[in-house]
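Written below as structure tokens is the structure these notes are about.
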Amino acid sequence: MSTIHLHRRTVITAEQYIAALTNFGPGRSKLFGNSADEYLKVHQRGLSEADVTEGSGGVWERLHYDWSDPHRVVLTTTDSNVWACSSGHTYTFTRRPDGNTDIDVVVVRDGKNLKGWILGIVLGTIGRWVLAKAFANSVKAVEALTSPTQKSRSYAPSTVDRAREWQTGGRVNSGF
């Protein structure tokens with residue numbers, strides 16, 4: 001079993017990152033590269049939880065997302081072709097006095113077969129940088145979407161705004 005700790009400091013709020021993380025619509029792979037659109041399937045979605053299958057590159061997992069705590073999102077693996085149910089991700093958000101947000105992620109990878117065991121060992125050692133880069137890229141992508149200087153803002157609401165609107169049943173001002 002590999003446990004990987006990742007950290008980023010960002011100008012976005014926990015709410016903005018959570019809205020992006022829990023937006024399971026088309027184009028998700030632009031924000032989260034390890035979630036290819038062709039693997040994405042939403043089985044169930046509630047106000048603060050979802051049951052979603054996602055993956056990429058021949059690896060998929062079904063995850064239970066729980067974002068009922070505004071400072072924490074827990075993704076628990078419920079099925080996968082390589083990961084055991086003890087696998088998952090936990091995102092923790094801490095607002096700083098300077099207005100920035102610290103995002104800490106703990107990724108647990110426990111292989112359930114030979115492919116999973118090998119991937120787990122690789123990710124826990126030399127492959128850690130792959131997850132770190134994917135996480136950094138997702139934070140940068142959400143920052144770009146929520147930037148007040150985003151040029152496309154005047155033409156269409158951002159992915160984060162669409163996610164927030166979907167979560168609240170359309171009761172949010174999307175910038176128009």
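Source: prediction; values computed, not measured. What's counted below: heavy atoms across the whole structure, side chains too, no hydrogens, waters or symmetry copies.
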**Message:** Are Leu75 and Phe24 linked, directly or through intermediate hydrophobic residues, by side-chain heavy-atom contacts shorter than 4.5 Å (ILVMFWY only)?
**Reply:** yes
**Message:** Would the distance check show the side chain of Arg95 and the main-chain N or O of Gly99 forming a donor-acceptor pair, the cut-off being under 3.5 Å?
**Reply:** yes
**Item:** CD1-CZ distance between Ile18 and Arg72, expressed to the nearest 0.5 angstrom
**Value:** 11.5 Å
**Request:** Taking side chain to side chain contact (heavy atoms under 4.5 Å, CB included) as the test, write out the residues that go with Asp51, two or more places apart.
**Result:** His43, Gln44, Arg62, Thr78
**Item:** Salt-bridge criterion met for Arg28 and Glu54 (N-O under 4.0 Å)
**Value:** yes
**Prompt:** If we ignore angles and hydrogens, is there a donor and acceptor under 3.5 Å between the side chains of Thr76 and Tyr65?
**Reply:** no
**Asked** So, the side chain of Thr101 versus the backbone of Ile12: is there a donor-acceptor pair under 3.5 Å, distance only?
**Response** yes
**Expected output: side-chain Ser80 to main-chain Trp60 donor-acceptor under 3.5 Å** = yes
**Message:** What I'd like to find out is whether the side chain of Asp66 reaches to under 4.5 Å of the side chain of Val73, using heavy atoms alone.
**Reply:** no
**OG1-CD1 distance between Thr94 and Ile103, expressed to the nearest 0.5 angstrom** = 9.5 Å
**Request:** Would you kindly confirm whether Val107 and Trp129 end up in one hydrophobic cluster when ILVMFWY residues are joined by side chain heavy atoms under 4.5 Å apart?
**Result:** no
**Request:** Using modelled atom types only, decide if a donor and an acceptor are shared between the side chain of Arg128 and the backbone of His5 within a distance under 3.5 Å.
**Result:** yes
**Message:** Pair Val82, Asn113 - check side-chain contact (heavy atoms from CB on, under 4.5 Å), show working.
**Reply:** CA-CA 6 Å; Val82 295; Asn113 53 33; 4.1 Å; yes
**Separation of Leu123 CG from Ser2 OG (nearest 0.5 Å)** = 7.0 Å
**Request:** Could you tell me how the ring of Tyr91 sits relative to the ring of Tyr17: parallel (under 30°), tilted (30 to 60°) or perpendicular (over 60°)?
**Result:** tilted
**Message:** Test your reading of the model: is there a side-chain donor-acceptor pair from Asn81 to the backbone of Gly58, 3.5 Å cut-off?
**Reply:** yes
**Asked** Looking only at heavy atoms, what is the nearest atom pair of Val42 and Arg45, with distance?
**Response** CG1-CB, 4.2 Å
**Request:** Taking the six-membered ring of Trp83 (Phe, Tyr or Trp), confirm whether the NZ or CZ of Arg109 is under 6.0 Å from its centre and within 45° of its axis.
**Result:** yes
**Item:** Check: Ser35 side chain, Phe32 main-chain N or O, donor-acceptor pair, under 3.5 Å
**Value:** no
**Message:** Check Lys112 with Glu61, please: is the shortest side-chain N to carboxylate O separation under 4.0 Å?
**Reply:** no
**Asked** How would you list, by chain and number, every residue that makes a ring pair (Phe, Tyr, Trp, His ring centres under 6.0 Å) with Tyr39, sequence neighbours excluded?
**Response** none
**Val106 with Trp67, same ILVMFWY side-chain cluster at under 4.5 Å** = no
**Request:** Report yes or no: does Gln16 contribute a side-chain atom to a donor-acceptor pair with the main-chain N or O of Thr13 at less than 3.5 Å?
**Result:** yes
**Item:** hydrophobic_cluster_shared for Ile121 and Val108, side chain cutoff 4.5 Å
**Value:** no
**Message:** Run the side-chain contact (heavy atoms from CB on, under 4.5 Å) test on Thr10 and Arg8 for me, step by step, so that the C-alpha distance in whole Å, both residues' side-chain angles and the decisive distance to 0.1 Å come before the verdict.
**Reply:** CA-CA 6 Å; Thr10 179; Arg8 294 294 291 185; 5.6 Å; no
**Prompt:** About how many Å separate CG of Leu63 and OG of Ser87, when rounded to the nearest 0.5 Å?
**Reply:** 9.5 Å
**Item:** Closest non-hydrogen atom pair, Val142 against Leu31
**Value:** N-CD2, 4.3 Å
**Message:** I'd like to know if Val139 and Phe93 are part of one continuous hydrophobic network [Ile/Leu/Val/Met/Phe/Trp/Tyr, side-chain heavy atoms within less than 4.5 Å].
**Reply:** yes
**Heavy-atom donor-acceptor pair, Thr77 side chain to Asp79 backbone, under 3.5 Å** = no
**Asked** Just by distance, with hydrogens left out, do Asp110 and Ser86 show a side-chain donor and acceptor under 3.5 Å apart?
**Response** yes
**Asked** Hey, is the main chain of Arg9 close enough, under 3.5 Å, to the side chain of Asp102 for a donor-acceptor pair?
**Response** no
**Prompt:** Which distance, rounded to the nearest 0.5 Å, do you find between the OG1 of Thr92 and the CG of Asp104?
**Reply:** 6.5 Å
**Complete:** Smallest heavy-atom separation, Ser56 atom then Ala36 atom, equals CB-CB, 4.0 Å
